[in-house]
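For reference, the structure discussed in these notes is given below.
All figures in this text were calculated on a predicted structure; none of them were measured in a lab. Sequence positions, counted from 1, serve as the residue numbers for this chain.
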Amino acid sequence: MQQVPRLKEMIPPWAGAAGGIVMIVVLVATTIATVTRDSVPVEPGGGSPMVASRLVAFESTDEGVLVVRDADTGDQISSLLESDGGFLHNLVAVLSKQRRRHAVDTALPYQLSAHTNGRVSIRDPATGRVIDINAFGANQVETFAALLRVAS
């Protein structure tokens, strides 16, 4: 009867060490890329002219309500519970985190825009970050378009 070689005998020691080094290098490179990543400012609406624009400020209450205010007048546009506007709550949290990372006041307004090509975007004038809302689906576009329509 022939004896089956053990795994240790089948894989040379240098191959295991090389695989470990590759994993460490990939982990370090991924961590560095994630930590130092900054969004590239993009022109809102893909260069299409704006048909509507509004500066808005977001306030979170202790009860978990996100209040949206017109930055020019201070009027309340909308208020959303997290269960009703989870996407908007999460988006504001991401934008606020980026502002804190750049040491920018989180209370400064954001610019909501609708463009002739149907794109809806939110731009953070403080950091230059632009988010195309259309990438998140028709429901999110309608939510943001409604915030713009209230201005009319």
Considering only heavy atoms from C-beta outward, does the side chain of L91 approach that of I131 to under 4.5 Å?
yes

Atom pair OG1 (T127) and CZ (R100), whose distance is rounded to the nearest 0.5 Å
12.5 Å

Nearest heavy-atom pair of S60 and L66: which atoms, and what distance?
OG-CD1, 3.6 Å

Just verifying a value: how many Å separate K97 NZ and H102 NE2, rounded to the nearest 0.5 Å?
12.5 Å

Please answer whether the main-chain N or O of D75 pairs with a side-chain N or O of R69 as donor and acceptor at a distance below 3.5 Å.
no

Out of curiosity, L147 CG to E142 CD, how far, rounded to the nearest 0.5 Å?
10.0 Å

In the structure I gave you, are the side-chain heavy atoms of L108 and P125 within less than 4.5 Å of one another anywhere?
no

Check whether any side-chain heavy atom of P109 lies under 4.5 Å from a side-chain heavy atom of V56, and answer yes or no.
no

Run the salt-bridge test on D132 and R119 with the 4.0 Å N-O cut-off and return the result as yes or no.
yes

Could you walk me through whether N90 and V94 satisfy the side chain to side chain contact (heavy atoms under 4.5 Å, CB included) test, starting with their C-alpha distance in whole Å, then the side-chain angles of each, then the deciding distance to 0.1 Å, before giving a yes or no?
CA-CA 6 Å; N90 290 333; V94 167; 5.5 Å; no

Taking the cut-offs as 6.0 angstrom to the six-membered ring centre and 45 degrees off its axis, would you call R54 and F144 a cation-pi pair?
no

Close side-chain approach of D105 to R99, heavy-atom, < 4.5 Å:
no

Looking only at non-hydrogen atoms, find the nearest pair between H89 and V65 and report the distance.
CE1-C, 4.1 Å

Tightest non-hydrogen contact, residues V120 and N134, listed as N-OD1, 2.7 Å

Hydrophobic cluster membership, V104 vs F58, 4.5 Å side-chain cutoff:
no

Is any side-chain heavy atom of L88 closer than 4.5 Å to a side-chain heavy atom of V68?
yes

Could you tell me which non-hydrogen atom of I133 sits nearest to which non-hydrogen atom of S121, and how far apart they are?
CG1-CA, 4.1 Å

Does any part of the side chain of L95, heavy atoms only, come nearer than 4.5 Å to the side chain of I122, both counted from C-beta?
yes

Is the closest side-chain heavy-atom distance between R123 and S113 below 4.5 Å?
no

To the nearest 0.5 Å, atom CG of L112 lies from atom OG1 of T143 at 11.5 Å

Is there a side-chain contact between L55 and D70 in this structure, where contact means two heavy atoms from C-beta onward sitting under 4.5 Å apart?
no

Can you give each donor-acceptor pair under 3.5 Å made by side-chain atoms of residues 11-21, sequence neighbours left out, with the distance rounded to 0.1 Å?
none

